[in-house]
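Encoded as structure tokens, the structure appears first; notes follow it.
Keep in mind it's a predicted model, so treat the numbers as computed, not measured. Heavy atoms only: backbone and side chains are in, while hydrogens, waters and symmetry mates are out. Protein chains get the first letters and strands the later ones, always in sequence-line order, with residue 1 at the start of each.
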Number of protein chains: 2
Amino acid sequence: MSTQATPEIQAFAGLLRAHAATTRRFNAELVADHGLTLSDYEVLLRLARAPDRRLRRVDLAQQVLLTPSGITRLLAGLEHNGFVERVACQSDARVSYAQLTPDGLGKLRAASKTHVEGIRSLFGEHFTVGELESLSDLLGRLPVDDAGDDACEA
Amino acid sequence: MSTQATPEIQAFAGLLRAHAATTRRFNAELVADHGLTLSDYEVLLRLARAPDRRLRRVDLAQQVLLTPSGITRLLAGLEHNGFVERVACQSDARVSYAQLTPDGLGKLRAASKTHVEGIRSLFGEHFTVGELESLSDLLGRLPVDDAGDDACEA
DNA sequence: CGGATATACTTGAGTTGTCAACAATATAGC
DNA sequence: GCTATATTGTTGACAACTCAAGTATATCCG
């Protein structure tokens, strides 16, 4: 007894559940249909949207909310499959870009066909467009702190 | 280009981000302050709320959205720390209960002090009570399918 | 220039979880 | 009662991360 139930905690609990449920489902779908993880998919998508279809590994990590280490490992898989290539940077020998290959773009397109449809149908079933917008708005307010580097407030 | 941006997909993306951000933060807090994982905490909480402070492992798994295998492993840790005990079931030799110990309850109380406060302050900072309620409502509409066992519709 | 410090990335070790296969017990139908 | 099937739980093998430490390169500043 006396164990909470404030609106804040309910919201957080809802977030945990909703994430586990949706993520599990879409990940399983992607793996079964295309041999891609949800993270793999996210990475391919980010690359496809980036200028020249390439991104520094650091930036990629930030965008998909992974550590640099995680990105190295994830990209190793995608490189192995020929979906991404490692491209050295001319002006800075430390950085190497992750470059989406034509194969990778093809894979992304094929995967997105079913994945996007899956998302649209699951969310479309349960929400109106207005609700989806407020959901995005609300979720978007939660901060992503990162590491506090450039979050200086001086 | 032409890569989507439908309201459904934006909502899903928001969900992924929001989960990663909040989860990472609270998990780090819990580990640092109390040596508990967020999952550990969830399990202790469920047990504390259950009748007699015990639950079958299967039911626990379902409540915290883990596989039975995951529960076995998680409980191994909690048992090792003396927060949970394994109790055999009289009427069914297959099942063993996970029983919260007084130590476990104490640990939960101590942890909840900071954890609940963390959640309240993060969510309280960004949302009104009305918004929290609609967030919970919206998130709660996403189904948790499980396995389709008893989800029969005949 | 040259040393201190910062940045980009990788790697080894550990964690947390999954899945598939299994053992043990329970239940149902004949 | 006894075999067929379902349910509960564990285990081995593995996947996907994280963290801490290390390497290589860049930049800043005296």
Side-chain angles (χ1 to χ4, degrees), chain A residues 16 19-21 23-32 35-43 54-81 84 86-98 146-150 152, chain B residues 16 19-21 23-25 27-28 30-32 35-43 54-81 84 86-98 146-150 152:
Chain A
L16 291 181
H19 174 266
T23 255
R24 207 169 275 211
R25 169 168 177 160
F26 293 132
N27 195 60
E29 264 178 33
L30 274 173
V31 169
L36 288 179
T37 296
L38 198 46
S39 293
D40 289 339
Y41 182 88
E42 291 290 319
V43 162
R54 70 168 62 169
L55 238 28
R56 299 190 321 161
R57 295 158 109 81
V58 148
D59 298 332
L60 199 44
Q62 210 164 26
Q63 289 193 24
V64 300
L65 270 336
L66 253 71
T67 58
S69 174
I71 281 292
T72 292
R73 275 155 173 139
L74 197 162
L75 285 179
L78 294 177
E79 283 159 9
H80 179 77
N81 285 307
V84 168
R86 164 187 302 259
V87 175
C89 173
Q90 299 287 312
S91 57
D92 187 335
R94 288 171 307 176
V95 347
S96 69
Y97 291 101
D146 255 342
D149 278 336
D150 52 346
C152 74
Chain B
L16 291 182
H19 175 266
T23 257
R24 209 169 276 213
R25 169 168 177 161
N27 195 59
L30 274 173
V31 170
L36 288 180
T37 296
L38 197 46
S39 292
D40 290 339
Y41 182 88
E42 291 290 319
V43 163
R54 70 168 61 169
L55 236 28
R56 299 191 318 162
R57 295 156 109 82
V58 148
D59 299 330
L60 198 46
Q62 210 164 25
Q63 290 192 24
V64 300
L65 269 339
L66 253 75
T67 59
S69 173
I71 282 292
T72 293
R73 271 150 177 144
L74 196 163
L75 285 179
L78 294 177
E79 283 159 9
H80 179 75
N81 285 307
V84 168
R86 166 187 301 259
V87 174
C89 173
Q90 298 287 311
S91 59
D92 187 335
R94 288 170 307 179
V95 347
S96 69
Y97 291 101
D146 257 341
D149 279 335
D150 52 348
C152 74

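- In this view, A:Phe26 and A:His115, B:Phe12 satisfy the ring-ring contact (aromatic ring centres under 6.0 Å, His included) rule, not counting sequence neighbours.
- We find that CG of A:Leu38 is positioned 12 Å from P of D:dA16, with the value rounded to whole Å.
- Here the C1' atom of nucleotide C:dA8 and the OH atom of A:Tyr97 are 12 Å apart, to the nearest Å.
- Between A:His80 atom NE2 and D:dA15 atom C1' the separation is 15 Å, expressed in whole Å.
- Residues B:Val84 and B:Leu75 approach most closely at CG1-CD2, 4.1 Å, considering heavy atoms.
- Taking 4.0 angstrom as the limit, B:Thr72 places a side-chain polar atom (N or O) nearer than this to OP1 or OP2 of D:dT10.
- Within the 4.0 Å cut-off from OP1 or OP2 of D:dG9, not a single side-chain nitrogen or oxygen of B:Arg86 is found.
- Take B:Arg56 and apply the salt bridge (charged side-chain N to carboxylate O under 4.0 Å, His left out) test, not counting sequence neighbours, and it matches B:Asp59.
- Every pair passing salt bridge (Lys or Arg N to Asp or Glu O under 4.0 Å) that includes a residue from residues 65-81 of chain A is listed here, sequence neighbours excluded: A:Arg57-A:Glu79.
- Straight-line distance from the CD atom of A:Glu42 to the C1' atom of D:dA16: 15 Å, rounded to whole Å.
- Distance, A:Leu30 CG to C:dT18 P: 18 Å, rounded to whole Å.
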Base versus backbone protein contacts along nucleotides 17-25 of chain D [heavy-atom cut-off under 4.0 Å; B, S, -]: SBB----BB
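- Taking atom CG on A:Leu75 and atom P on C:dA8, their separation rounds to 16 Å, with Å as the unit.
- B:Thr72 pairs by the side chain to side chain contact (heavy atoms under 4.5 Å, CB included) definition with nothing, not counting sequence neighbours.
- For B:Leu60 and D:dT8, the CG to P distance is 14 Å, given to the nearest whole Å.
- What separates CZ of A:Arg25 from P of C:dT18 is a distance of 18 Å, to the nearest Å.
- Residues passing the salt bridge (charged side-chain N to carboxylate O under 4.0 Å, His left out) test with B:Arg24, sequence neighbours excluded: none.
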